[in-house]
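All remarks here apply to the structure that follows.
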Amino acid sequence: MPNYYDIVVVGGGPAGLTAAIYARRAEKSVLILEKNGFGGQIAQSPRVENFPGFLSISGAELSDKFFNQALELGAEADLSEVTGLAPTDEGFIVRTEDGDYSAGAVILATGARHRRLGLPREEELSGSGVCYCAVCDGAFYPGRPVAVVGGGDTAVRDALLLSNSCSEVYIIHRRHEFRAEASNVEALRARENVHFVLGARAAELLGEDELRGLVVEDVESGERRTLEVDGLFVAVGHESDNAPFAELAGVDERGWFTAGEDGVSRTPGVFVAGDCRNKRVKQLVTAAGDGAAAATSACGYLDGKAKNF
C-alpha cells in the first residue's frame with residue numbers, strides 16, 4: 001500500500017509551497033512533489049522587488065524562505081515527476097517515476113513555462129539581460145535601451161511599461177500587424193522612444209556574461225542588423241505542464257486548468273493553484289494567494305468528507 005498523505009501537492013513553486021504551508025497549519029499531512037527544483041521560476045530571478053515585505057531579495061533566497069517554512073511546519077518534500085493521478089475509493093493514487101503515493105486530496109500547482117525563442121545561449125543569458133517578465137525585471141533597466149519580442153497584448157503592454165523608464169524600446173514582431181488591442185498599439189506608436197521592428201525575428205544574442213546586443217533578421221529578405229540593447233524581454237506566451245491531469249481537473253482550449261479562484265476543479269478532491277490556472281494576472285503574489293485558497297478548499301473538502309464517515 002503506497003504511503004498515505006492527507007494532501008499531495010504537485011509542484012514546488014510559490015503556489016505549491018504556500019498551499020503546503022496552509023495545509024500544515026490546518027494539521028494535514030502534506031507531501032510536496034517537484035520534478036525540477038523547489039522554488040519554481042522565481043528561484044532563477046536575480047532580484048525580486050514586487051513581493052510584499054521585501055524591498056529587494058534574490059529569487060533564490062525568497063524561494064528558500066518559502067521552502068524552509070513549509071518544512072519547518074512539517075511538510076515532506078521529494079524531487080520526483082508526477083506522471084498521473086488515479087481516483088480510488090479512499091482518494092487518489094499519485095503516480096511518479098519513483099513510485100506511487102496515496103492521497104485524500106491533491107493540489108495541482110504545476111506552474112507555467114515562458115515560451116522560449118529557441119536561440120543559442122538563451123538559457124545561459126536568462127537573468128543576465130534576457131528576461132520574461134517586464135513587470136518583474138523592467139525596473140532594472142532605467143535609462144537603458146531594451147527590446148521586446150512579441151505581437152500580442154502582453155508584448156505591447158510590456159513595451160508600454162518599459163517605455164516609461166527605458167531610453168529606447170524596440171518592439172520586434174515577425175508580422176506587420178499586431179494581435180494586441182488596437183488602442184494599446186496606438187498608445188505605443190505615440191511614444192517617441194519606441195521603435196517598431198516589424199516583419200523581423202530575433203536571430204542572435206550578443207554578449208559574453210551579459211546581453212550586449214541583439215541581431216534581428218528580416219523574415220522575407222533575410223537581411224540582418226544589430227540592435228544595441230542591454231535587455232531583451234521575451235513575450236511570446238506561456239506553455240503549461242497540465243496534460244497528465246487534463247481529464248481529471250479540466251482544461252481550456254489552450255491547456256490551462258479551468259478552476260476558479262477557490263481552486264476547485266471538476267473532480268472532487270482535486271484542486272488547482274498558481275500559474276497553471278487560466279487567469280489574467282500571473283505573478284508571484286497571485287500564485288501565493290492561489291496556494292492559500294486551494295489549500296483552504298482542500299482542507300474543507302477533507303474535513304467534510306471525514307464528517308460523513
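Taking every heavy atom of both residues into account, Ser167 and Pro145 meet most closely at OG-N, 3.2 Å. The nearest pair of heavy atoms linking Ala273 to Cys276 is O-SG, 3.2 Å. Taking each heavy atom of Trp256 and Asn242 in turn, the nearest pair found is CA-ND2, 3.7 Å. In this structure, Pro87 and Leu248 approach most closely via the heavy-atom pair CG-CD2, 3.8 Å. Taking both residues in full, the closest heavy atoms of Ala203 and Leu119 are given as O-CD2, 3.6 Å, listed atom of the first, atom of the second, then distance. Across every non-hydrogen atom of Arg144 and Cys166, the tightest pair is O-CB, 3.2 Å.
Lys279 has its side chain within reach of Asp290: a pair of non-hydrogen atoms, C-beta onward, lies under 4.5 Å apart. By the 4.5 Å heavy-atom criterion applied to side chains, Leu85 and Ile93 are not counted as neighbours. Looking at Asn164 and Leu162, their side chains never come closer than 4.5 Å, going by heavy atoms from C-beta outward. Contact of the Arg212 side chain with the Asp230 side chain is registered, since non-hydrogen atoms from C-beta on lie closer than 4.5 Å. Ile172 places a side-chain heavy atom less than 4.5 Å from the side chain of Leu214. The side-chain heavy atoms of Thr83 and Glu97, taken from C-beta on, include a pair separated by under 4.5 Å. Contact of the Asn184 side chain with the Arg157 side chain is registered, since non-hydrogen atoms from C-beta on lie closer than 4.5 Å. Considering only heavy atoms from C-beta on, Ser165 stays 4.5 Å or farther from Tyr141 through its side chain.
Here the side chain of Glu34 pairs a donor or acceptor atom with the backbone of Asn36 at under 3.5 angstrom. Using a distance-only test at 3.5 Å, with no hydrogens or angles considered, no donor-acceptor pair links the side chain of Thr18 to the main chain of Ala292. In terms of modelled atom types and a separation under 3.5 Å, the side chain of Glu122 and the main chain of Gly118 share a donor-acceptor contact. A donor-acceptor pair is defined here as one N or O able to donate and one able to accept, closer than 3.5 Å; such a pair exists between the side chain of Ser265 and the backbone of Val270. Here the side chain of Thr258 pairs no donor or acceptor atom with the backbone of Asp252 at under 3.5 angstrom. Using a distance-only test at 3.5 Å, with no hydrogens or angles considered, a donor-acceptor pair links the side chain of Arg266 to the main chain of Glu247.
When the side chains of ILVMFWY residues are joined at heavy-atom separations under 4.5 Å, either directly or via intervening members, Phe67 and Phe54 end up in a single hydrophobic cluster. A continuous path of hydrophobic side-chain contacts links Val251 to Phe245 [ILVMFWY only; heavy atoms under 4.5 Å]. Linking Ile, Leu, Val, Met, Phe, Trp and Tyr residues whenever their side-chain heavy atoms come within less than 4.5 Å places Ile107 and Tyr301 in a single cluster. No continuous path of hydrophobic side-chain contacts links Val156 to Val236 [ILVMFWY only; heavy atoms under 4.5 Å]. In the hydrophobic clustering of ILVMFWY residues, with side-chain heavy atoms under 4.5 Å counting as a link, Val146 and Leu227 come out apart.
Remark: Asp153 does not engage Arg179 in a salt bridge, criterion side-chain N to carboxylate O under 4.0 Å. For Asp218 and Arg225, the salt-bridge test fails: no basic side-chain N is under 4.0 Å from an acidic carboxylate O. A salt bridge between Lys28 and Asp303 is present, with a side-chain N of the basic residue lying under 4.0 Å from a carboxylate O of the acidic one. With respect to the salt-bridge test (charged N to carboxylate O, under 4.0 angstrom), the residues Arg121 and Glu204 do not qualify.
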N/O donor to acceptor pairs below 3.5 angstrom from side-chain atoms of residues 5-15, sequence neighbours left out:
unit_1, atom_1, unit_2, atom_2, d
Tyr5, OH, Glu76, OE1, 2.8
Asp6, OD2, Ser29, N, 2.9
Asp6, OD2, Ser29, OG, 3.2

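Ring-centre distance between Tyr4 and Phe92: not below the 6.0 Å cut-off. Between Phe257 and Phe271, the distance separating the two ring centers is not shorter than 6.0 angstrom.
Atom SG of Cys299 and atom CD of Glu27 lie 10.0 Å apart (nearest 0.5 Å). For the atom pair CD1 (Ile32) and CG (Leu79), the distance works out to 11.0 Å, reported to the nearest 0.5 Å. Annotation: the span from Leu284 atom CG to Leu62 atom CG amounts to 6.0 Å, rounded to 0.5 Å. Expressed to the nearest 0.5 Å, how far OG of Ser63 lies from CG of Asn68 amounts to 10.5 Å. Distance CG/Leu188 to NE2/His195: 11.0 Å, rounded to 0.5 Å. Rounding to the nearest 0.5 angstrom, the gap separating the CG atom in Leu232 from the CG atom in Leu117 is 6.5 Å.
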Problem set entry | Arg191 vs Ser163, side chain to side chain donor-acceptor pair (under 3.5 Å): CA-CA, chis, key distance, verdict | CA-CA 7 Å; Arg191 302 289 175 96; Ser163 69; 2.5 Å; yes
Problem set entry | Derivation of the ring pair (Phe, Tyr, Trp, His ring centres under 6.0 Å) call for Phe233 and Tyr170 | CA-CA 10 Å; Phe233 290 82; Tyr170 298 89; over 10 Å; no
For this session: In sequence, state the C-alpha distance, the side-chain angles, and the governing distance for Ser80 and Asp98, and then conclude on side chain to side chain donor-acceptor pair (under 3.5 Å).
Result: CA-CA 7 Å; Ser80 187; Asp98 303 307; 2.7 Å; yes
Exercise. Could you walk me through whether Arg201 and His173 pass the side-chain contact (heavy atoms from CB on, under 4.5 Å) check?
Worked result: CA-CA 6 Å; Arg201 67 178 186 89; His173 183 36; over 6 Å; no
Problem set entry | Criterion side-chain contact (heavy atoms from CB on, under 4.5 Å) on Leu211 and Leu205, from CA distance to verdict | CA-CA 7 Å; Leu211 184 74; Leu205 304 173; 4.0 Å; yes
Problem set entry | side chain to side chain donor-acceptor pair (under 3.5 Å) between Asp137 and Tyr132, worked out | CA-CA 8 Å; Asp137 300 328; Tyr132 300 89; over 6 Å; no
For this session: Please test Glu61 against Val48 for side-chain contact (heavy atoms from CB on, under 4.5 Å), starting from the C-alpha separation and ending with a verdict.
Result: CA-CA 10 Å; Glu61 185 180 358; Val48 176; over 6 Å; no
For this session: Begin from the C-alpha positions of Arg175 and Leu198 and carry the test side-chain contact (heavy atoms from CB on, under 4.5 Å) through to its verdict.
Result: CA-CA 6 Å; Arg175 297 181 177 86; Leu198 303 180; over 6 Å; no
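Remark: Glu228 CD is loosely packed, at most 12 non-hydrogen atoms of other residues, nucleotides or ligands lying under 6.0 Å away.
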